[in-house]
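First comes the structure, then the notes that go with it.
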Number of protein chains: 2
Amino acid sequence: MAAGSPGAKRRARQHPDERRKQLIGIGLEMLTTRPLHQITIDDVAAKAGISRSLLFHYFPTKRDYYADVVRAASRRLLRATRVEGDTIDDLVAGFLNFIERRHEPYIALFRSAGTDDWAHEIFRETRAALTDQVLTALAIEQPSELVRAAVGAWLAYAEELALEWAQHHTGTREQVHALLTGALEHIVRSAR
Amino acid sequence: MAAGSPGAKRRARQHPDERRKQLIGIGLEMLTTRPLHQITIDDVAAKAGISRSLLFHYFPTKRDYYADVVRAASRRLLRATRVEGDTIDDLVAGFLNFIERRHEPYIALFRSAGTDDWAHEIFRETRAALTDQVLTALAIEQPSELVRAAVGAWLAYAEELALEWAQHHTGTREQVHALLTGALEHIVRSAR
DNA sequence: CTACTTATCGAGCATTGCTCAATAGTGACG
DNA sequence: CGTCACTATTGAGCAATGCTCGATAAGTAG
């Protein structure tokens, strides 16, 4: 099925910004259903109703396109996990809420992390930003390298446990919540 | 440079088992330097000094080859992390020793985890086996689902922290060791 | 209406995963 | 030692895919 009305102009010219948004949007959508490297240019172009060539007009290479998509996913994630409260409880509650409702984009970002160096870099930056959020919520001003590393590692723990809970309903929400806050407290206390 | 002596027979026939081992060995080696999906059949064949076709004679498809390579990496990992001692201290010490010396294969396995469904499955199995090892060392006979999940998540924490330590020397070995054992004790105690 | 910019396309090239029929080591058996 | 069956091995070739390049037309300015 074509994008526009039937018999529409064969060349529906659009403004570059909107095209870019559209293409990246398609990438984000596809990223939730399959791993990054299984998204072919042809797929994206077909879904957008444009030719392969046009995609290369906007993104010099497939990797550049991927990178922009993953960056967009990262930005979404960071915006969505921004916590309102200050306490660890609020933080963890918000995190669990997010994972419960939108674990698919999270997994998507996760999965792309290992595909390439640049993807891993974006993933690291994302986790670093999350670490900052946690440290802020904990009111830790000048964390040592060890504390930062420990909190970053706790994020890995939290991601794993929360995803397991969201996908396989392992334990109750309260149990998971308690496990997360307890571990964070313990880890931070131990690390300094 | 050719594999054998110069002017050797053009068709150096080998036994299937050795060929398979050789090919998988090449895959394992390449896996430490680049992400899985960047390993092309041509690369492997060239390095082995054979034609592309022969690789498809041994592995029906590229994915099957990949899967066998990743499985081999997983087996290596499990063999190398097998702990001798019984206490948590022994366990963590062995884990740190392993990560310190051979974090590259570990990272390689890590990275391949997100590339595809089958890779993720192998990764899950590997982590499940590691979880069993930990539970055994902890002398926990009949763990609840929650305890299993928590220990599995602790593995994510341990991997992250240990890799950070091995790569960027974050904190001393004793500090990391204490962080790991402390967290594990705390988590297991909380989870039941 | 004209001219200029550029979004858009189609054709075509190189790489790569994969197939298939043909070839040639190698071991088994006489 | 010779012959034969088995199969490891290859080369040619197809389809998909990343990517290039020149041509074209949809807008915009004048």
Side-chain angles (χ1 to χ4, degrees), chain A residues 2-5 7-27 30-31 34-70 112 115-119, chain B residues 2-5 7-27 30-31 34-70 112 115-119:
Chain A
S5 47
K9 331 155 189 175
R10 304 200 316 229
R11 286 199 175 185
R13 196 171 179 148
Q14 292 199 9
H15 279 206
D17 290 355
E18 295 172 16
R19 258 281 125 82
R20 287 186 84 95
K21 280 184 194 168
Q22 178 200 15
L23 293 175
I24 291 188
I26 290 175
M30 287 188 167
L31 201 54
R34 47 190 134 171
L36 187 66
H37 72 279
Q38 270 187 22
I39 301 175
T40 75
I41 294 289
D42 275 11
D43 288 342
V44 179
K47 190 135 196 173
I50 62 173
S51 65
R52 269 150 291 162
S53 319
L54 190 55
L55 219 150
F56 288 105
H57 176 68
Y58 287 102
F59 305 92
T61 189
K62 194 180 75 157
R63 293 235 295 266
D64 290 280
Y65 172 65
Y66 282 172
D68 272 13
V69 170
V70 173
S112 357
T115 55
D116 242 325
D117 282 343
W118 56 262
Chain B
S5 46
K9 332 155 189 174
R10 303 202 317 231
R11 288 200 174 185
R13 196 171 180 147
Q14 292 200 9
H15 279 205
D17 290 355
E18 296 172 14
R19 257 280 124 82
R20 286 186 85 94
K21 280 183 193 168
Q22 178 200 15
L23 293 175
I24 291 188
I26 290 175
M30 287 187 168
L31 201 54
R34 47 192 135 169
L36 187 66
H37 71 279
Q38 270 187 23
I39 301 175
T40 75
I41 294 288
D42 275 11
D43 288 342
V44 180
K47 190 136 196 172
I50 63 173
S51 65
R52 269 151 291 161
S53 319
L54 190 55
L55 220 149
F56 288 104
H57 176 68
Y58 287 102
F59 305 91
T61 189
K62 194 180 75 159
R63 294 233 295 265
D64 290 280
Y65 173 65
Y66 281 172
D68 273 11
V69 170
V70 173
S112 356
T115 54
D116 244 323
D117 281 343
W118 56 262

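Reminder, nothing fancy here: chain letters follow the sequence lines and each chain counts from 1. What you see is a predicted model; the values in this text were computed from it and never measured.
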From the set [options], return the single nucleotide nearest to any side-chain atom of [X].
| X | options | answer |
| --- | --- | --- |
| Thr40(B) | dT16(C), dT20(D), dT9(D) | dT16(C) |
| Arg13(A) | dA12(D), dT6(C), dT9(D) | dT6(C) |
| Asp42(A) | dC9(C), dT9(D), dT17(D) | dT17(D) |

Output yes when at least one side-chain N/O atom of [X] is less than 4.0 Å from OP1 or OP2 of [N], else no.
| X | N | value |
| --- | --- | --- |
| Arg52(A) | dG10(C) | no |
| His57(B) | dA8(D) | yes |
| Tyr58(A) | dT8(C) | yes |

Can you name the nearest heavy-atom pair linking [X] to [Y], along with the distance?
| X | Y | answer |
| --- | --- | --- |
| Phe56(B) | Lys62(B) | CE2-N, 4.1 Å |
| Gly27(A) | Val69(A) | C-CG1, 3.8 Å |
| Ala48(A) | Arg19(A) | O-NH2, 4.2 Å |

**Item:** Closest-nucleotide 5' rank along DNA chain C - winner of Pro16(A) and Lys62(B)
**Value:**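 Its nearest nucleotide being more 5', the pick is Pro16(A).
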
**Prompt:** Starting at the 5' end of DNA chain C and moving along, which residue's nearest nucleotide shows up first, His15(B) or Ser53(B)?
**Reply:**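 Closest to the 5' end, via its nearest nucleotide, is Ser53(B).
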
How many Å lie between [atom1] on [X] and [atom2] on [N], as a whole number?
| X | N | atom1 | atom2 | value |
| --- | --- | --- | --- | --- |
| Tyr66(B) | dT16(C) | OH | P | 11 Å |
| Gln14(A) | dC9(C) | CD | P | 10 Å |
| Glu18(A) | dG27(D) | CD | P | 12 Å |
| Phe56(B) | dC14(D) | CZ | P | 17 Å |
| Ile41(B) | dT10(D) | CD1 | C1' | 16 Å |
| His37(B) | dT16(C) | NE2 | P | 13 Å |

**Message:** For a quick check, tell me whether the side chain of Ser51(A) and the base of dG10(C) share a donor-acceptor pair closer than 3.5 Å.
**Reply:**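 Answer no: no donor N or O sits under 3.5 Å from an acceptor.
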
**Asked** Between the side chains of Asp116(B) and Gln38(A), is a donor N or O closer than 3.5 angstrom to an acceptor N or O?
**Response**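 Yes - a donor-acceptor pair under 3.5 Å links their side chains.
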
**Asked** Is it true that a side-chain atom of Arg52(A) and a backbone atom of Ile41(A) form a donor plus acceptor pair closer than 3.5 Å?
**Response**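 No; judged by distance alone, with no hydrogens or angles, the pair does not exist.
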
